[in-house]
S.K.: 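Please see the structure below; I have some questions.
Letters A, B, ... mirror the listed sequences (proteins, then strands); counts begin at 1.
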Number of protein chains: 2
Amino acid sequence: MANGHLQEAVSTLKNTKVRMTPQRHAILEYLYETMNHPTADDIYKALESKFPNMSVATVYNNLRVFKNVGIVKELTYGDSSSRFDCVTTEHYHIICSDCGKIVDFHYPGLDEVETLAEQVTGFQVHDHRMEIYGTCQDCKMVSH
Amino acid sequence: MANGHLQEAVSTLKNTKVRMTPQRHAILEYLYETMNHPTADDIYKALESKFPNMSVATVYNNLRVFKNVGIVKELTYGDSSSRFDCVTTEHYHIICSDCGKIVDFHYPGLDEVETLAEQVTGFQVHDHRMEIYGTCQDCKMVSH
DNA sequence: TTATTACATGATAATTCTTATAAATAATTC
DNA sequence: GAATTATTTATAAGAATTATCATGTAATAA
């Protein structure tokens with residue numbers, strides 16, 4: 001299933017001028033398998049053994065390429081480094097303020113907010129973003 | 001009215017061990033008067049004439065202090081530098097993807113999302129964040 | 001009031017994340 | 001297969017933020 005999404009992403013790339021390279025495939029594979037919201041550096045380290053010569057710039061460059069094509073989303077939280085997420089279904093994130101863990105959280109979507117915003121502000125809305133912050137169960141334990 | 005909120009923030013600080021200094025007052029004043037979601041550098045430049053000797057570090061340090069006390073919120077968008085917003089009433093932001101303009105957008109609040117998230121994930125929720133992205137009217141004009 | 005303590009500031013260095021550059025390499029097109 | 005174009009790699013550069021530390025200033029205690 002994750003594999004299916006990966007294939008889909010690969011064929012999306014095929015339709016553009018973007019070439020498929022081993023590095024790009026590995027980055028995508030990692031994103032779609034782990035579903036882990038990694039930073040660019042996380043990805044770099046994870047693929048270090050497979051691609052000892054790969055540059056950090058390659059990771060950044062390709063993440064940007066993927067983002068432009070629309071198969072990867074960039075998430076900027078407060079913690080200085082962006083996180084990257086493969087675009088699959090509509091879901092939000094809940095983030096633990098203590099340990100930083102990110103958990104997917106499915107929710108119907110906030111389309112009504114978008115339409116209301118359009119009416120009130122006159123903007124032409126094309127996206128929104130929401131995150132929830134809290135303390136995860138593990139961290140609740142620790143603090144007791 | 002903006003002034004009222006400023007006074008409130010000042011007295012909040014009084015209750016903590018945080019001292020009031022001219023620089024801190026000026027930073028808060030700027031935040032509460034402009035309501036402009038400035039970056040740290042924006043603030044630094046805006047206060048340059050009043051405080052020619054003020055260091056950028058002072059701005060950063062104090063914004064962090066304010067954040068910890070809870071009278072200022074840090075907003076991280078994709079554009080590399082954080083923006084800072086004084087905490088007043090519950091509102092969200094709608095951001096123009098073209099020119100970067102940020103407009104306040106009042107909405108009842110998404111408490112139900114928080115409670116649902118608590119039930120589903122087991123997190124203890126204490127905050128959430130939402131933004132809407134679109135094209136503002138000015139930029140819509142330009143593109144025609 | 002004076003001494004002491006604790007916190008703030010300012011200048012600068014250091015760190016970190018990200019992007020730009022340029023040469024080498026690989027893939028695609030004809 | 002040769003020419004063209006995109007990609008990788010290594011490194012340098014850039015920008016935002018934080019750390020350091022000496023100095024300064026305000027609060028507290030005697």
Side-chain angles (χ1 to χ4, degrees), chain A residues 10-30 37-69 71-85 100, chain B residues 10-30 37-69 71-85 100:
Chain A
V10 169
S11 67
T12 301
L13 284 178
K14 273 255 161 52
N15 294 337
T16 66
K17 295 289 167 195
V18 178
R19 293 175 186 169
M20 183 48 60
T21 67
Q23 292 90 336
R24 284 182 176 163
H25 193 88
I27 293 171
L28 278 180
E29 202 175 21
Y30 181 76
H37 321 294
T39 65
D41 202 58
D42 290 339
I43 300 172
Y44 175 64
K45 281 180 184 143
L47 302 181
E48 206 164 38
S49 52
K50 259 192 202 166
F51 297 88
N53 296 329
M54 185 168 65
S55 170
V56 200
T58 300
V59 177
Y60 277 101
N61 287 339
N62 289 331
L63 286 172
R64 185 170 24 171
V65 169
F66 297 155
K67 209 178 72 177
N68 291 340
V69 175
I71 59 180
V72 162
K73 230 178 183 177
E74 182 175 1
L75 313 167
T76 58
Y77 303 117
D79 62 340
S80 75
S81 47
S82 291
R83 294 169 175 280
F84 294 88
D85 194 15
Chain B
V10 170
S11 67
T12 301
L13 283 179
K14 272 255 160 51
N15 295 336
T16 65
K17 296 287 167 195
V18 178
R19 293 174 186 167
M20 183 49 61
T21 67
Q23 291 91 336
R24 284 182 177 163
H25 193 88
I27 293 171
L28 278 180
E29 202 174 21
Y30 182 76
H37 321 295
T39 64
D41 202 59
D42 289 339
I43 299 171
Y44 175 65
K45 280 180 184 144
L47 302 181
E48 205 164 39
S49 51
K50 257 192 202 166
F51 297 87
N53 297 330
M54 185 168 64
S55 170
V56 199
T58 299
V59 177
Y60 277 102
N61 286 338
N62 290 331
L63 285 172
R64 186 169 23 171
V65 169
F66 297 155
K67 209 177 71 176
N68 292 339
V69 176
I71 59 179
V72 161
K73 231 178 186 178
E74 182 175 1
L75 312 167
T76 58
Y77 304 115
D79 62 340
S80 77
S81 46
S82 291
R83 292 165 177 284
F84 295 88
D85 193 15

S.K.: Which residues pass the side chain to side chain donor-acceptor pair (under 3.5 Å) test with B:Thr39, sequence neighbours left out?
M.R.: B:Asp42

S.K.: Polar atom pairs between nucleotides 27-30 of chain C and protein, under 3.5 Å, N or O only, would you list them?
M.R.:
none

S.K.: Rounded to the nearest Å, what distance is computed from the OH atom of residue A:Tyr44 to the P atom of nucleotide C:dT18?
M.R.: 15 Å

S.K.: Between the two end axes of the helix from C:dT1-D:dA30 to C:dC30-D:dG1, each built from 5 base pairs, what angle do you get to the nearest 10°?
M.R.: 30°

S.K.: For residues A:Arg64 and A:Asn61, determine if any side-chain heavy atom of one lies less than 4.5 Å from a side-chain heavy atom of the other.
M.R.: yes

S.K.: Tell me the interatomic distance from B:Leu63, atom CG, to C:dA8, atom P, rounded to whole angstroms.
M.R.: 14 Å

S.K.: May I have the distance from A:His25 (atom NE2) to C:dA26 (atom C1'), rounded to whole angstrom?
M.R.: 18 Å

S.K.: Are any non-hydrogen side-chain atoms of B:Asn68 and B:Val18 less than 4.5 angstrom apart?
M.R.: no

S.K.: Are OP1 or OP2 of C:dT18 and a side-chain N or O of A:Ser82 less than 4.0 angstrom apart?
M.R.: yes

S.K.: First locate atom CD1 of B:Ile71, then atom CG of B:Asp85, and finally report the distance between them rounded to the nearest 0.5 Å.
M.R.: 12.0 Å

S.K.: If you take all heavy atoms of A:Tyr44 and A:Ser55, which pair is closest and at what distance?
M.R.: CE1-C, 4.0 Å

S.K.: I'd like to know if the side chain of A:Arg24 reaches the main chain of A:Arg19, judged simply by a donor and an acceptor atom lying under 3.5 Å from each other, with no hydrogens or angles considered.
M.R.: yes

S.K.: Measure the spacing between CD1 of B:Ile43 and OH of B:Tyr60 and express it to the nearest 0.5 Å.
M.R.: 9.5 Å

S.K.: Quick test: give all pairs of protein nitrogen or oxygen and nucleotides 10-13 of chain C nitrogen or oxygen below 3.5 Å, distance rounded to 0.1 Å.
M.R.:
residue: C:dG10; atom: OP1; partner: B:Gln23; partner atom: NE2; Å: 3.2
residue: C:dG10; atom: OP2; partner: B:Ser55; partner atom: N; Å: 3.4
residue: C:dG10; atom: OP2; partner: B:Thr58; partner atom: OG1; Å: 3.1
residue: C:dG10; atom: O5'; partner: B:Asn53; partner atom: O; Å: 3.2
residue: C:dA11; atom: OP2; partner: B:Asn53; partner atom: O; Å: 3.0
residue: C:dA11; atom: N7; partner: B:Ser55; partner atom: OG; Å: 3.3

S.K.: Is any side-chain heavy atom of B:Ile27 closer than 4.5 Å to one of B:Phe66?
M.R.: yes

S.K.: Taking heavy atoms of chain A and a 4.0 Å limit, find me the 5'-most and 3'-most nucleotide of DNA chain D within that range.
M.R.: D:dT5 to D:dA10

S.K.: Under 3.5 Å, side chain of B:Ser82 to main-chain N/O of B:Glu74, donor-acceptor pair present?
M.R.: no

S.K.: Indicate whether OP1 or OP2 belonging to C:dT18 is found under 4.0 Å from a side-chain N or O atom of A:Tyr60.
M.R.: yes

S.K.: If you measure from CG on B:Leu28 to CG on B:Leu13, what distance do you get to the nearest 0.5 Å?
M.R.: 6.0 Å

S.K.: Return the CG to CD distance between A:Asn53 and A:Glu48, rounded to the nearest 0.5 Å.
M.R.: 11.0 Å

S.K.: Could you check whether A:Asn62 gets within reach of a base, just the sugar-phosphate, or nothing at all, counting any heavy atom under 4.0 Å?
M.R.: sugar-phosphate

S.K.: Atom NE2 in B:His25, atom CG in B:Asn62: separation rounded to 0.5 Å?
M.R.: 13.0 Å

S.K.: List for me each residue that meets salt bridge (Lys or Arg N to Asp or Glu O under 4.0 Å) alongside B:Arg83, sequence neighbours excluded, and say none if there are none.
M.R.: B:Asp79

S.K.: Is any side-chain N or O of A:Arg64 closer than 4.0 Å to OP1 or OP2 of C:dT19?
M.R.: no

S.K.: What is the distance, rounded to the nearest whole Å, between atom CG of B:Leu28 and atom P of C:dA8?
M.R.: 13 Å

